[in-house]
Amino acid sequence: MCCDKDKKGKVIIFSAPSGSGKTTLVNYLLEYKALNLEFSVSATSRAPRGTEQHGVEYYFFTPDEFRQKIAEDGFLEYEEVYEDRFYGTLKTEVDRILNSGANAIFDVDVVGGCNIKQFYGDKALAVFIMPPSIEELRRRLVGRNTDSPEVIESRIAKAEYELTFAPRFDVVIVNDDLDKAFGELLEVVSDFVSK
Ligand code: ADP
Ligand code: 5GP
């Protein structure tokens with residue numbers, strides 16, 4: 001059976017508006033080897049950016065290859081965010097991690113996060129990383145220096161919608177002071193995996 005809910009490994013889902021600090025926090029967490037976490041690599045039909053590699057940041061498919069996987073029922077969840085731009089969680093990837101006994105970490109958007117949580121129920125911890133304010137989010141996106149001003153404004157507009165999903169998550173961590181946010185995150189994730 002796919003993505004078996006009875007397997008030992010647990011599921012930890014991270015969602016956040018872009019620029020909240022999710023990547024920074026998840027990368028810190030992955031260094032804590034005792035937590036036995038493994039990152040679930042998603043599939044996408046967007047083109048690789050910069051040094052991104054197939055099988056590392058994403059599994060990169062063409063839109064037709066992605067549709068073929070949908071037809072084969074290969075996804076635990078997927079979304080077409082706009083025409084021909086798909087993101088999804090491959091069942092084979094989740095099986096690989098949970099069968100190995102590791103705990104799977106997912107970095108997905110708010111809708112995907114709610115769908116995965118609904119599928120796994122108590123076996124999953126859904127964590128929402130919240131920016132302290134929209135103004136601070138803008139400052140971080142500008143400071144990160146990876147997006148044009150237009151892209152930053154579209155991320156901000158989307159963030160206002162994404163923030164409305166926060167109450168559906170098990171835990172909301174406000175990433176104001178990074179050390180404090182990481183301390184809280186480490187505590188909730190450690191408790192959850194050791195339960
Ligand atoms: P996301 O993965 O949510 O898009 P990033 O982890 O890339 O966000 O963080 C966005 C930017 O904000 C990065 O430049 C990062 O170094 C910075 N950042 C993350 N957390 C904090 C924080 N608590 N205070 C200040 N800057 C932060
Ligand atoms: P990017 O193109 O910047 O890498 O990612 C864009 C968005 O897609 C992010 O919000 C990211 O969390 C989301 N995303 C990445 N993988 C998945 C996935 O497997 N499923 C869903 N639903 N969203 C994903």
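All ligand and atom numbering here is 1-based and tracks the order in the structure.
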Q: Applying a heavy-atom cut-off of 4.0 Å, say which part of Y58 lies close to ligand 2: side chain, backbone, both or neither.
A: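 Side chain only.
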Q: Using the rule that Ile, Leu, Val, Met, Phe, Trp and Tyr join whenever any side-chain heavy atoms are under 4.5 Å apart, tell me whether I13 and F165 fall into a single cluster.
A: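 Hydrophobic grouping puts I13 apart from F165.
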Q: For ligand 2, is any non-hydrogen atom under 4.0 Å from E57's backbone (N, CA, C, O), its side chain (CB onward), both, or neither?
A: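 The answer is neither; E57 stays 4.0 Å or more away.
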Q: Using a 4.0 Å cutoff against the non-hydrogen atoms of R46, which atoms of ligand 2 qualify?
A: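 It comes down to these atoms of ligand 2: 1 (P), 2 (O), 4 (O).
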Q: Identify the closest protein heavy atom to atom 16 (O) of ligand 1: which residue and atom is it, and at what distance?
A: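 The protein heavy atom lying closest is T24 OG1, 4.2 Å.
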Q: Taking NZ, NE, NH1 and NH2 as the nitrogens, is one of them in D84 or R67 under 4.0 Å from a carboxylate oxygen of the other?
A: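 Salt bridge between D84 and R67, a charged N being under 4.0 Å from a carboxylate O: yes.
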Q: Is the NZ or CZ atom of K91 both under 6.0 Å from the centre of the six-membered ring of F75 and within 45° of that ring's axis?
A: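 Ring-cation test returns no.
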Q: At a non-hydrogen distance cut-off of under 4.0 Å, which region of D107 contacts ligand 2 (side chain, backbone, both, or neither)?
A: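 For D107, the contact with ligand 2 is made by both the backbone and the side chain.
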Q: Is any side-chain heavy atom of Y78 closer than 4.5 Å to one of I70?
A: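 Yes. Closest side-chain heavy atoms under 4.5 Å.
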Q: E79 heavy atoms, cut-off 4.0 Å: which ligand 2 atoms fall inside?
A: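 Reading through ligand 2 atom by atom, the close ones are 21 (C), 22 (N).
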Q: Tell me: protein heavy atom nearest atom 7 (O) of ligand 1, and distance?
A: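 Here the closest protein heavy atom is R144 NH1, 2.9 Å.
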Q: Looking at ligand 2, does V111 have a heavy atom less than 4.0 Å from it?
A: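 Distance cut 4.0 Å: V111 fails for ligand 2.
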Q: Yes or no: does A181 have any heavy atom under 4.0 Å from an atom of ligand 1?
A: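 False for this residue.
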Q: Relative to atom 21 (C) of ligand 2, which among R155, E80, E77, K158 owns the nearest non-hydrogen atom?
A: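 Of the listed residues, E77 has the closest heavy atom.
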Q: For ligand 1, is there an N or O atom under 3.5 Å from any N or O atom of G21?
A: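 Yes - when backbone and side-chain N and O of G21 are compared with those of ligand 1, one distance drops under 3.5 Å.
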Q: From atom 3 (O) of ligand 2, work out which of K22, R85, R49 has a heavy atom at the shortest distance.
A: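 The residue whose heavy atom sits nearest atom 3 (O) of ligand 2 is R49.
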Q: Answer with side chain, backbone, both or neither: which part of A16 has a heavy atom less than 4.0 angstrom from an atom of ligand 1?
A: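 The answer is neither.
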Q: Distance to 0.1 Å, residue and atom name: give those for the protein heavy atom nearest to atom 6 (C) of ligand 2.
A: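 For this ligand atom, the closest protein heavy atom is Y87 OH, 3.5 Å.
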Q: To the closest 0.5 Å, what do you measure between CG (N175) and CD1 (I129)?
A: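 The distance works out to 7.0 Å.
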Q: For ligand 1, note which part of D176 has a heavy atom under 4.0 Å away: side chain, backbone, both or neither.
A: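 The backbone, only.
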Q: So, taking the atom named CD in E38 and the one named CG in N103, what distance separates them when rounded to the nearest 0.5 Å?
A: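 Atom-to-atom, E38:CD and N103:CG are 10.0 Å apart.
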Q: May I ask you to identify the nearest protein heavy atom to atom 20 (N) of ligand 1, giving residue, atom name and distance to one decimal place in Å?
A: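 Protein heavy atom at minimum distance: N175 ND2, 3.0 Å.
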Q: Answer yes or no: does an N/O atom from A43 fall short of 3.5 Å to an N/O atom of ligand 2?
A: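 Not met; the criterion fails.
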Q: In Å, rounded to the nearest 0.5 Å, how long is the span from CZ of F86 to CD of E79?
A: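 Separation between the atoms: 11.5 Å.
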Q: Can a protein heavy atom be found under 4.0 Å away from atom 18 (C) of ligand 2?
A: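 Looking at atom 18 (C) of ligand 2, one finds that a protein heavy atom does lie closer than 4.0 Å.
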Q: Looking only at heavy atoms of G143, does any of them come nearer than 4.0 Å to an atom of ligand 1?
A: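 Outside the 4.0 Å threshold, so no.
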Q: Among R140, R155, R49, find the one that has a salt bridge (charged side-chain N to carboxylate O under 4.0 Å, His left out) with D147.
A: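 One option only clears the test, and that one is R155.
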Q: Just verifying a value: how many Å separate R46 CZ and F61 CZ, rounded to the nearest 0.5 Å?
A: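 Reported value, rounded in 0.5 Å steps: 14.0 Å.
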Q: Atom 21 (C) of ligand 1: which of R140, K180, R155 has the nearest heavy atom?
A: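 It is R140 that holds the nearest heavy atom.
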Q: What's the shortest distance from atom 10 (C) of ligand 1 to any protein heavy atom, and which residue and atom give it?
A: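 Nearest protein contact, heavy atoms only, for atom 10 (C) of ligand 1 is G19 O, 3.7 Å.
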Q: Rounded to the nearest 0.5 Å, what's the gap from OG on S15 to CD on E162? Could you check?
A: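 Reported to 0.5 Å precision, the distance equals 8.5 Å.
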Q: Among protein heavy atoms, which sits nearest to atom 23 (N) of ligand 2, and what does the distance come to when rounded to 0.1 Å?
A: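 For atom 23 (N) of ligand 2, the nearest protein heavy atom is D109 N, 3.3 Å.
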Q: Rounded to the nearest 0.5 Å, how far does CG of D109 lie from OG of S18?
A: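 That separation rounds to 11.5 Å.
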Q: Identify, for atom 2 (O) of ligand 1, the protein heavy atom at the shortest distance, and state residue, atom and that distance.
A: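 Here the nearest protein heavy atom works out to T23 OG1, 2.4 Å.
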Q: Quick one: look up the protein heavy atom nearest atom 16 (N) of ligand 2 and list residue, atom name and how far away it is.
A: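 Ranking protein heavy atoms by distance from atom 16 (N) of ligand 2, first comes S42 OG, 3.1 Å.
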